[in-house]
Visitor: 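The structure is given below, and queries will be raised subsequently.
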Number of protein chains: 2
Amino acid sequence: MSTPDRKARDAEKVARRRQSLIEAAITVIARKGLPGMTLADVAREAGCGYGLVSFHFETKERLLLASLDALVEEYRAAWHARSDAHNDPAAKLEALIDLDLGSDVADERHIAVWTAFWAETPRNADYRTRFSELNNAYLARLEPLISALAAAEPVSTDHRLIAGGLSALFDGLWIGSQTGGQDGADWSRARATCRAYLLAFFPKSFGPETDWRP
Amino acid sequence: MSTPDRKARDAEKVARRRQSLIEAAITVIARKGLPGMTLADVAREAGCGYGLVSFHFETKERLLLASLDALVEEYRAAWHARSDAHNDPAAKLEALIDLDLGSDVADERHIAVWTAFWAETPRNADYRTRFSELNNAYLARLEPLISALAAAEPVSTDHRLIAGGLSALFDGLWIGSQTGGQDGADWSRARATCRAYLLAFFPKSFGPETDWRP
DNA sequence: CACCATTGACTGATCAATCAGTCTACGCAA
DNA sequence: TTGCGTAGACTGATTGATCAGTCAATGGTG
């Protein structure tokens, strides 16, 4: 039974190569934007020839879609890991805030890529589907946390509205981190903004911010 | 004194022509994105020859910058008008919510153009300057409103944090309107999200939402 | 030898920018 | 009033550069 081994090893090698090309693509997208990314750029970044990119992804569009899928998966995995590391709903929310605002899946490079895909959303149904699914999955995890807090500390506002607002707040703070000042984003201020949001709805579950002073 | 008349009329005509080219550019950007916009597209949309676009704006980049400036000015004018139409801080805030989420300066077309410029922000210092200034001006108008509410109804959270959060919420809800469902954005839900935000900080000044039910 | 990942020159298409020339409206002089 | 001259708004063919996608040739490995 050597054939299956061979096949498996080859498949793994191809998968690794594809992964390296996707990582190179993401790096280039962060630097030059979606339409600015060139297949030659990706090849140079990955240290391989031009034709190899075509060989593994046929078209630029397919490479972009694969890159978006990788980005989504990386984000989703990080978020599940952080969320599962806690039992308390408030602690889970704090962990999500830390993930979204200051972690290595939400650094300047990654956010530039997210916004690049956002900008193409009106013209690309595939991107729209990805974002829609990701957001639904995100809200499906967020809403129970809000409801759990509301069980201990009743609130008159609809839980789904609170969850949706937090999710929108994350997106808006990402935008702000790009358009804001000349120097990098103020992540501790961004985190404080989110905590203030939750604190306003659930004063007992969220203490005042500790890592930011006006 | 006929020469000054001539000059003035000519200048006005040129200004009108430039304005029509900028409007055509914004329409094309909404449809094809920033790098996807072609000078030939703009000429076709404006119903003039190719060379005229070059004649009035020299380069594509200058046309884009002029379009962004026009967009910013249109938004700023609408926002001042709505804000000045009320005396009560809470009413001013409601007016800003209505402006940002559902008015004709925040329709699908305009938002697509804003996000297109956002996506180029990491590579264009001019865009960054524009956004930074606009945001500062916005916050300078928002913070006093929050402070006025806090005067009647004290809140422990820093006023600037609350204002910044509302601004980020607007941006995030714009993103959501693009990436969200297949059909258009749910603006009444978006407005309810913002009212819930303010309601959480200032329960007495903001009644429960009236135009949205879960 | 057979297979397939890999290479990079080549093709055709697209676009921004240039430029030589046309057209139009106006002022002016007879 | 009529005809002439000019400024500058306006045109679109051309140019040179860039890019995605193709393909025939190469090399390395089992």
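Nothing here was measured: the structure is a model prediction, and the numbers come from that model. Residue numbering restarts at 1 for every chain, and letters A, B, ... go by the order of the sequence lines.
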Visitor: For A/K60 and C/dA13, what is the distance between atoms NZ and P respectively, to the nearest whole Å?
Guide: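 The answer, rounded to whole Å, is 19 Å.
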Visitor: Whole angstrom is fine here: how far is it from NZ in A/K32 over to C1' in D/dT18?
Guide: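 Going from NZ in A/K32 over to C1' in D/dT18 covers 11 Å.
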Visitor: Please report, rounded to the nearest Å, how far the P atom of D/dA9 is from the CZ atom of B/R16.
Guide: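 Rounded to the whole Å, the gap is 14 Å.
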Visitor: Any chance CD of A/E73 has more than 12 other-residue heavy atoms, nucleotides or ligands included, within less than 6.0 Å?
Guide: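 Atom CD in A/E73 is crowded, with more than 12 foreign heavy atoms closer than 6.0 Å.
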Visitor: Out of D/dT11, C/dA17, C/dA16, which nucleotide sits closest to the side chain of B/C48?
Guide: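 My answer, after comparing the listed nucleotides, is D/dT11.
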Visitor: Starting at atom CZ of A/R17, determine the distance to atom P of C/dT7, rounded to an integer number of angstrom.
Guide: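 A/R17 atom CZ is separated from C/dT7 atom P by 6 Å.
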Visitor: Nearest-Å distance, OH (A/Y50) to P (C/dT7)?
Guide: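 It is 13 Å, rounded to the nearest whole Å.
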Visitor: Would you indicate what A/L52 reaches in the nucleic acid, counting non-hydrogen atoms under 4.0 angstrom: base, sugar-phosphate, or nothing?
Guide: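 If one applies the 4.0 Å heavy-atom cut-off, A/L52 turns out to touch a base.
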Visitor: Report the distance from atom CD of B/E12 to atom C1' of D/dG8, rounded to the nearest whole Å.
Guide: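 Between C1' of D/dG8 and CD of B/E12: 17 Å.
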Visitor: Does C/dA17 have its OP1 or OP2 closer than 4.0 Å to a side-chain nitrogen or oxygen of B/S54?
Guide: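 No.
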Visitor: Measure the shortest side-chain to side-chain distance between A/D98 and A/S103 over non-hydrogen atoms and say whether it is less than 4.5 angstrom.
Guide: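 Contact flag for A/D98/A/S103 side chains = no.
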Visitor: Of all the nucleotides listed (C/dA5, D/dA20, C/dA16), which has the minimum atom distance to the side chain of A/L39?
Guide: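 Between C/dA5, D/dA20, C/dA16, the one nearest the side chain of A/L39 would be D/dA20.
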Visitor: CZ of B/R62 versus C1' of C/dA16: gap in Å, rounded?
Guide: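 Checked: the CZ to C1' distance equals 14 Å.
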Visitor: Identify all side-chain donor-acceptor contacts of residues 32-57 of chain A below 3.5 Å with residues at least two apart in sequence or on another chain.
Guide:
{"from": "A/K32", "atom 1": "NZ", "to": "A/D41", "atom 2": "OD2", "distance (Å)": "3.0"}
{"from": "A/D41", "atom 1": "OD1", "to": "A/R44", "atom 2": "NH1", "distance (Å)": "3.2"}
{"from": "A/D41", "atom 1": "OD2", "to": "A/T38", "atom 2": "N", "distance (Å)": "3.3"}
{"from": "A/E45", "atom 1": "OE1", "to": "A/R31", "atom 2": "NH2", "distance (Å)": "3.2"}

Visitor: Between P on D/dC23 and CD on A/E58, what's the gap in Å once rounded to a whole number?
Guide: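 That distance rounds to 14 Å.
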Visitor: Is any side-chain heavy atom of A/W114 less than 4.5 Å from a side-chain heavy atom of A/Y75?
Guide: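 Touching, per the 4.5 Å side-chain cut-off.
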